[in-house]
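Worksheet: one structure, shown below.
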Amino acid sequence: MRKACIERKTAETDIKLSLCLDECGKNTNIDTGCGFFDHMLTLFAKHGRFDLEVKCVGDKEVDFHHTTEDIGIVLGQ
C-alpha cells in the first residue's frame with residue numbers, strides 16, 4: 001500500500017498529514033482552519049481517489065498564507 005504520514009513544524013505552522021494513494025477518496029479528515037481550503041482539499045482527494053487527513057495549527061490570525069504554503073510543501077514531499 002502506498003501511504004505516507006508526514007509532519008512539518010515551523011515557526012508559523014504545525015502540520016500532520018496522512019495520504020493513502022491506494023484508497024478510493026471516501027476517507028478524508030481535513031482541518032486547516034480555513035473553510036475554503038478544507039473544501040478544496042476534500043475535493044482534491046475525492047476526485048483524485050485517494051484518502052487524505054490533514055491537521056494544521058498555525059498563525060491564522062495573520063492570514064492563511066503560511067498554512068496554504070506549508071501544506072503544499074508537505075503534499076509535495
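All values derive from a computational prediction rather than experimental measurement.
- The two residues I6 and Q77 make their nearest non-hydrogen contact at CG2-OE1, 3.3 Å.
- A 4.5 Å side-chain heavy-atom check between K3 and S18 finds at least one atom pair inside the cut-off.
- Note that CZ of R2 and CG of D22 are 4.5 Å apart. Values are rounded to the nearest 0.5 Å.
- Each of L41, V54, T42, L43 was compared with T28 under the side chain to side chain contact (heavy atoms under 4.5 Å, CB included) criterion, and only T42 meets it.
- Smallest separation of non-hydrogen atoms from L52 and L75: CD1-CD2, 4.2 Å.
- Here the rule is side chain to side chain contact (heavy atoms under 4.5 Å, CB included) with T13, and of V57, T68, D70 only D70 fits it.
- At distances below 3.5 Å, at least one donor-acceptor pair connects side-chain atoms of D51 with backbone N or O atoms of N27.
- We find the NZ-NZ distance between K16 and K9 to be 7.0 Å, quoted to the nearest 0.5 Å.
- With values rounded to the nearest 0.5 angstrom, M40 atom CE is found 9.5 Å from F37 atom CZ.
- A donor-acceptor pair under 3.5 Å links the side-chain atoms of T32 to the main chain of C34, judged by distance alone.
- Nearest heavy-atom pair across C56 and T67 is SG-CG2, 3.7 Å.
- Atom CD of E53 and atom CG of L19 lie 10.5 Å apart (nearest 0.5 Å).
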- What's the verdict on side-chain contact (heavy atoms from CB on, under 4.5 Å) for C20 and M1, showing C-alpha distance, side-chain angles and the deciding distance? CA-CA 8 Å; C20 184; M1 185 176 293; 3.5 Å; yes
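- Residue pairs meeting the ring pair (Phe, Tyr, Trp, His ring centres under 6.0 Å) criterion with at least one member in residues 45-64, sequence neighbours excluded: F44-F50.
- Taking CD1 from I73 and NE2 from H66, the interatomic distance works out to 10.0 Å, rounded to the nearest 0.5 Å.
- I71 is listed as a side-chain neighbour of I15, based on a closest heavy-atom distance under 4.5 Å.
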